[in-house]
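Remarks on the structure that follows.
In what follows, chains carry the letters A, B, and so on, assigned in the order in which the sequence lines appear, proteins first and then strands, with residues in each chain numbered from 1.
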Amino acid sequence: EAQVTQNPRYLITVTGKKLTVTCSQNMNHEYMSWYRQDPGLGLRQIYYSMNVEVTDKGDVPEGYKVSRKEKRNFPLILESPSPNQTSLYFCASSLAHNSPLHFGNGTRLTVT
Amino acid sequence: SQQGEEDPQALSIQEGENATMNCSYKTSINNLQWYRQNSGRGLVHLILIRSNEREKHSGRLRVTLDTSKKSSSLLITASRAADTASYFCATDRSGGGADGLTFGKGTHLIIQP
């Protein structure tokens, strides 16, 4: 089944404790992206990747890192999480950068 | 930065009625897409309309695009309880800057049985 898999689904952590949210897709998609969704603000793009070893900042990249060492994986790294990064995070992939996106089921992160 | 804005923010109708949602955007686009999100879940792509198209259909969905007014509408005909969800429009960024789709804040649609 074609899918984007994110883990974990829920994560509660404390300020400053490094964490990684994994994302994997099985559709051989070139393009991958991370979004965060907050009430009243909608979805905002954090980082995106056009292909392996090619990543770039979205609209709200501060406090986040990503890597794209393999085509299928695009982990999101929070080196020192802060409470303002409490949010619902979505990974998505597509054939090309403006093609329809396939979304994962989301990771709900709480930073205390 | 947000490109598209949906209107209304929330809409409640009776099952069987038609639901219309609107999206306005600011800069030129290559295509506009509509997505559905069931509560807290990932978004699901519904339909894509290119800038040179004016109308597109998919099952009970009808999308229109007016590039002169920088607006689009999504019509769901003969609504069902299962259509209850949030609906988002998304536009690409043909004007440069960061790449990928930008999403509006969504219309929350409730279908009353």
Side-chain angles (χ1 to χ4, degrees), chain A residues 2-7 9-10 21 23 25 27 29-51 54-62 64 66 74 87-109, chain B residues 1-10 21 23-53 56 58 61 63 85-108:
Chain A
Q3 58 186 0
V4 177
T5 304
Q6 287 178 238
N7 280 298
R9 285 278 283 134
Y10 301 92
V21 183
C23 174
Q25 50 94 4
M27 295 167 280
H29 283 167
E30 303 274 328
Y31 182 87
M32 297 186 76
S33 185
W34 276 101
Y35 288 85
R36 62 179 286 175
Q37 185 176 29
D38 302 287
L41 296 176
L43 281 96
R44 294 177 292 167
Q45 189 182 47
I46 303 170
Y47 267 95
Y48 64 94
S49 170
M50 301 281 264
N51 212 327
V54 180
T55 63
D56 215 334
K57 295 176 181 178
D59 298 308
V60 289
E62 295 78 21
Y64 304 95
V66 292
F74 190 45
S87 187
L88 179 57
Y89 290 87
F90 289 103
C91 180
S93 72
S94 63
L95 280 170
H97 67 294
N98 288 330
S99 300
L101 285 167
H102 296 252
F103 280 80
N105 278 327
T107 295
R108 191 169 290 280
L109 171 66
Chain B
S1 57
Q2 231 120 19
Q3 160 84 297
E5 288 290 336
E6 293 88 349
D7 171 63
Q9 288 188 338
M21 288 157 271
C23 169
S24 59
Y25 57 92
K26 298 188 179 92
T27 62
S28 59
I29 58 171
N30 294 310
N31 69 60
L32 184 144
Q33 303 178 33
W34 284 91
Y35 289 79
R36 184 188 75 231
Q37 183 183 33
N38 291 95
S39 181
R41 309 290 288 185
L43 281 74
V44 174
H45 178 258
L46 295 175
I47 198 164
L48 179 153
I49 186 165
R50 301 190 191 286
S51 60
N52 61 355
E53 297 176 308
K56 204 158 182 182
S58 176
L61 305 181
V63 168
S86 292
Y87 292 82
F88 296 84
C89 67
T91 52
D92 62 350
R93 310 180 204 225
S94 68
D99 212 312
L101 300 177
T102 59
F103 288 81
K105 295 176 185 176
T107 292
H108 185 51

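Using a 4.5 Å cut-off between heavy atoms, A/Leu101 contacts chain B through both its backbone and its side chain. Of the atoms belonging to A/Gln6, not a single heavy atom falls under 4.5 Å from chain B. Residue A/Ser99 touches chain B through its backbone alone, counting heavy-atom pairs closer than 4.5 Å. Contacts of A/Asn105 with chain B are made by both backbone and side-chain atoms, with heavy-atom separations under 4.5 Å.
For A/Asn98 (side chain) and B/Asn31 (main-chain N/O), no donor-acceptor pair under 3.5 Å exists by modelled atom type. Although no hydrogens or angles enter the test, the distance criterion places no donor-acceptor pair under 3.5 Å between the side chain of A/Gln45 and the main chain of B/Phe103.
When B/Thr102, B/Leu43, B/Leu101 are each tested for a side-chain contact (heavy atoms from CB on, under 4.5 Å) with A/Tyr35, only one passes: B/Leu101.
The NZ atom of B/Lys105 sits 12.5 Å away from atom CD of A/Gln37, with the distance rounded to the nearest 0.5 Å.
When all heavy atoms of B/Gln37 and A/Phe90 are compared, the pair lying nearest together is NE2-CZ, 3.5 Å. Scanning all heavy atoms of the two residues, the minimum distance from A/Leu88 to B/Gly40 falls at CD2-O, 4.1 Å. Nearest heavy atoms, A/Pro100 versus B/Gln33: CA-OE1, 3.3 Å.
Within 6.0 Å of atom CD in B/Gln9, 12 or fewer heavy atoms from other residues, nucleotides or ligands are found, so the atom counts as exposed in its surroundings.
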